[in-house]
Amino acid sequence: VGLAQMLRNQYGPESVILSDIKKPPAHVYTSGPFVYADVLDYNHLRELIINNRITWLVHYSALLSAVGEANVALARKINITGLHNILDLAQENCLRLFVPSTIGAFGPSSPRDPAPDLCVQRPRTIYGVSKVHGELMGEYLHHKYGLDFRCLRYPGVISVNTPPGGGTTDYAVQIFHDALSTGHHECYLRPDTRLPMMHISDCHRATVEFMQTPECQLSLRTYNIAAMSFTPEEVAQEIRKHLPHLKVTYNPDSVRQTIADSWPVRFDDSNARRDWGWAPAFGLEELVKDMLANRNHSHKLLKTIHQC
Ligand SMILES: NC(=O)C1=CN([C@@H]2O[C@H](COP(=O)(O)OP(=O)(O)OC[C@H]3O[C@@H](n4cnc5c(N)ncnc54)[C@H](O)[C@@H]3O)[C@@H](O)[C@H]2O)C=CC1
Ligand SMILES: CC(=O)[C@H](N)C(=O)O
């Protein structure tokens, strides 16, 4: 939604169509075109592309790491079969295609500190396997048929407005909501689990800047992007500078802890910085200030709406 907003500001509100299989909240529905689209329904996707003369496709639908492990068959369907539909349609209709990948595309045998763009990738989740598959398929179609495929490996993305979607990095969103509501967060990771993270506005800006980069500047089709890396204990300490009474207890969940322990602790994004000028705006301090200010604002707004 935030990315669509950014693109609509640049290209006009009618130029960007949002889609999902879930009913959108009112503010999304009224902010610009929205259509139902299931990535598993090839013919309907084709109809939408042709009827709307689509030129760019941004493909976000996926089951994330933790929820994917809980439902491997569905993750395979959405993350792999759905992706194949998108790749075929992009090729058929000469679309420019963006598909995000993730820190989850690496595994325990990858270098972890930092993980470079090109190295061993043997993830141990269906989510990671599907994302490596996407990176490779997109790059293959680019080299063989000239498909303008572009992919960024996102760190854990942190946003006030988007509820956690079943990932391993979800705690880093939930802790802000808990800090401002009950003042207590129970973390499913160990306090010293370090993972790469990014504020959502940096993530959106990176995506737009990367999509707009002339092809001749790109030495890769899949880039790591980084902003910060922190542990649960470090983000809690930073939040306590504003909310000293925050209490965090730790109750590691074996599935998510094992996943986190297999992921990079830091990303090397030097190629993105060199090729298309990537630079994050948010470090941990700025992220915490912004999350608390915006969470407080949206909380108050919600309370007012409920009172009305
Ligand atoms: N949130 C994060 O921290 C990170 C996200 N990413 C990538 O960004 C993308 C978006 O992630 P999130 O927004 O966090 O995930 P999310 O779980 O919040 O959203 C996924 C969306 O896919 C939709 N979807 C599910 N099945 C579908 C189907 N059959 N057809 C069409 N849509 C369907 C869901 O309704 C949902 O709106 C994913 O590809 C993910 O791998 C990558 C790294 C980090
Ligand atoms: C880092 C991701 O890709 C996602 N947030 C997850 O934890 O699965």
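Every number for a ligand or one of its atoms is a count from 1 in the order of the listing. Predicted model only: the values in this text are computed from it and were never measured.
Residues satisfying the side-chain hydrogen bond (donor to acceptor under 3.5 Å, both in side chains) criterion with H44, sequence neighbours excluded, are absent altogether.
For the pair R273 and D268, the salt-bridge criterion is not met [side-chain N within less than 4.0 Å of a carboxylate O].
Every atom of ligand 1 with a heavy atom of S101 under 4.0 Å away is listed here by number and element: 42 (C), 43 (C). Short contacts between ligand 1 and G165, defined as distances under 4.0 Å to a heavy atom of the residue, involve ligand atoms 17 (O).
Note: W276 and F210 have tilted aromatic rings, judged against thresholds of 30 and 60 degrees for the angle between ring planes.
Residue-level proximity to ligand 2 for V157 is absent, since no heavy atom of it falls below 4.0 angstrom. If you look at D20 next to ligand 1, the close heavy atoms, those under 4.0 Å, all belong to the side chain. The residue Y154 has no part lying near ligand 2, judged by heavy-atom distances below 4.0 Å. No part of I103 comes within 4.0 Å of ligand 1, judged by heavy-atom distances.
At least one heavy atom of P155 sits closer than 4.0 Å to an atom of ligand 1. Ligand 2 has W263 within reach: a non-hydrogen atom of the residue lies less than 4.0 Å from it.
Atom 7 (O) of ligand 2 has T168 N, 2.6 Å as its closest protein atom, hydrogens excluded (heavy atom only). Given atom 2 (C) of ligand 2, the protein heavy atom at minimum distance is T102 OG1, 3.5 Å.
Each ring pair (Phe, Tyr, Trp, His ring centres under 6.0 Å) pair with one or both residues in residues 237-261, not counting sequence neighbours, would appear here, but there are none.
For atom 13 (O) of ligand 1, the nearest protein heavy atom lies 4.0 Å away or farther.
At least one N or O atom of S61 sits closer than 3.5 Å to an N or O atom of ligand 1.
More than 12 heavy-atom neighbours from other residues, nucleotides or ligands sit within 6.0 angstrom of CZ on R96.
Of all the listed residues (A66, G166, P164, S65), S65 holds the heavy atom that lies closest to atom 6 (C) of ligand 2.
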